[in-house]
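Here is the naming used below: chain letters follow the sequence lines, and residue numbers restart at 1 for every chain.
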Number of protein chains: 2
Amino acid sequence: MKVGIVGASGETGQSIANGLLQSKEAFDITGFVRPASIDKSEVQNIKQQGVAIVPFDLEAPHEELVKALTGQDVVISCIIPFAADAQNALADAAKAAGVKRFVPSYFGPISPPDGVMALREIKEATLNHVKKIYLPYTVIDVGWWYQSSLPRLPSGKIDYAIRFPVANMYGDGNLPSALTDLRDIGKYVARIISDPRTLNKSVFVHNETWTQEQIFTLLEKASGEKVPRDYLSRADIETSIKVARKAYYEQEQSVANLLGLAVMQYPHSVWLRGDNLPESAEYLGYLNGKELYPDVETIKYEDYVAEVLAGNGKAPYAGRVFGFETKKDDGETN
Amino acid sequence: MKVGIVGASGETGQSIANGLLQSKEAFDITGFVRPASIDKSEVQNIKQQGVAIVPFDLEAPHEELVKALTGQDVVISCIIPFAADAQNALADAAKAAGVKRFVPSYFGPISPPDGVMALREIKEATLNHVKKIYLPYTVIDVGWWYQSSLPRLPSGKIDYAIRFPVANMYGDGNLPSALTDLRDIGKYVARIISDPRTLNKSVFVHNETWTQEQIFTLLEKASGEKVPRDYLSRADIETSIKVARKAYYEQEQSVANLLGLAVMQYPHSVWLRGDNLPESAEYLGYLNGKELYPDVETIKYEDYVAEVLAGNGKAPYAGRVFGFETKKDDGETN
């Protein structure tokens, strides 16, 4: 099976490349990366392991995209979906190239299609486009990353491993949410894209469910440090969302405003609404990846925390600035 | 099982009321109808058969809607979805009333969620709202009505039975589409709402698939008259859609402009894009009602045509003007 990963140098792209490389299936993998990313160590690393690397410009004309994707059985999009246009163009090219399964860039927590997460609405716009052109697809959502779940320790000891430290406890901190280790995403993806049951379906995978209070308590026990709780009420976060919505929808639909909105809408959806839970996913029509692949061995949350405390963690998006200042935000990798 | 039908005096509402009345299941049926429709013969007719009739104003305050719907296990919306607001308010009330299954007003041909049918997009806005509030639901689509499938005969003999005569043959007339007799909708609905497999799912039911050319030929054979073909090319209808889109999206989002767009988008989707077919429905995630309920006995298309030629047909929407001129379009029944 020939599998193309668009945006193979990003966090999700790396996890997927590794998952496919380590799978029992004999995947023939191509990493489509922006010309500017070709020399990145992440790209060279997967290249050495056997991933063909092809420079790929999402803003190239349709015919060039079609030519690049022709021959791929599966195309997995790992670009950050800041706007639907780039992904829609990728979907059009995949359709014309006869791709048998397109995986749009979801790879996030569960949420309803509309009215909760602006970022989700952009993803849905691409999915709607995919459906309009009858492109075979699979949506894969993965819950909330372990790697974005920890607060800082007062000692600063784990700062090195957390790019986005959790600053607040939302509500009373007792609503669970589904967590996945970033490194496990690829293991699930390798199974999902080889499985006819998942064609034209959405699949939700996750490792474990934890509440914020459980996470804070675990970290306290494992570190011996006291982690202060800075509670944020539902009313306060909903007020913040209102302000951020105004900036994005009424002032400027910039990436900075979209992310400003996302950092409020994510915890609201994940920790207060309970959208990112297996039962919500089931209601929303997702297949349950844990039930489909009970034999996938994944990293335990407790082991992840121990690893971080032992100094062996790795911050996601290290050294990344998300290209706020460039015009090429669409091409950024997830 | 207590079932409330909102808009029970409309064409779909009537079919559903009859389907539930004739079902083996012991449904306790309430017809929620606009105060202005209480005295209509359709309403009095189902009342005599045992349907409780409750006057219902969709624009009433939330608390009143909740009170009216409290106690219903299933609420079926048969209002014409000219705008999402009225149905969203109904969904909010159903959620607060603890309704166990809400059936939003779909009951049409299959089409992708976005970019093909403006009317569909309004329906999807309500479905997205339903999902946002985690209201248990079932979407039911029924294909294209037999009752809207026939062209006029030169003799004028069947004009009495066709409210919307088919004026054109689209493309070469050889793409099939799924057809259902309006009177059969209720039979399917009675099965679907009693079936736990259809909860939080979309279901597609239809009787038969026919091409326009097959329909015209059948009518010619059965009537002995020659039916002229007035072919309309894909390019011509796409031009007409562009004009109608402009009127609706750029000039005024009125019901008249929406219907002006719908009369172009429907044949484009149904007869040219091939959206209204069982295989499209499967791709779009629908359960197949024919497979779920193979024992449902439905009216054959040939029998419907014979019935119309024998003078025993009945035009849908007889005497209706769709209230173009009123402000209460939302409350119109489907």
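The aromatic rings of Y134(B) and Y283(A) lie tilted to each other, with the angle between the two planes from 30° to 60°.
Comparing E124(B), E282(B), R273(B), K132(B) by heavy-atom pairs within less than 4.5 Å of chain A, the highest count is held by K132(B).
Heavy atoms closer than 4.5 Å to chain A are found in both the backbone and the side chain of S280(B). Residue S111(A) does not touch chain B at all, counting heavy-atom pairs closer than 4.5 Å.
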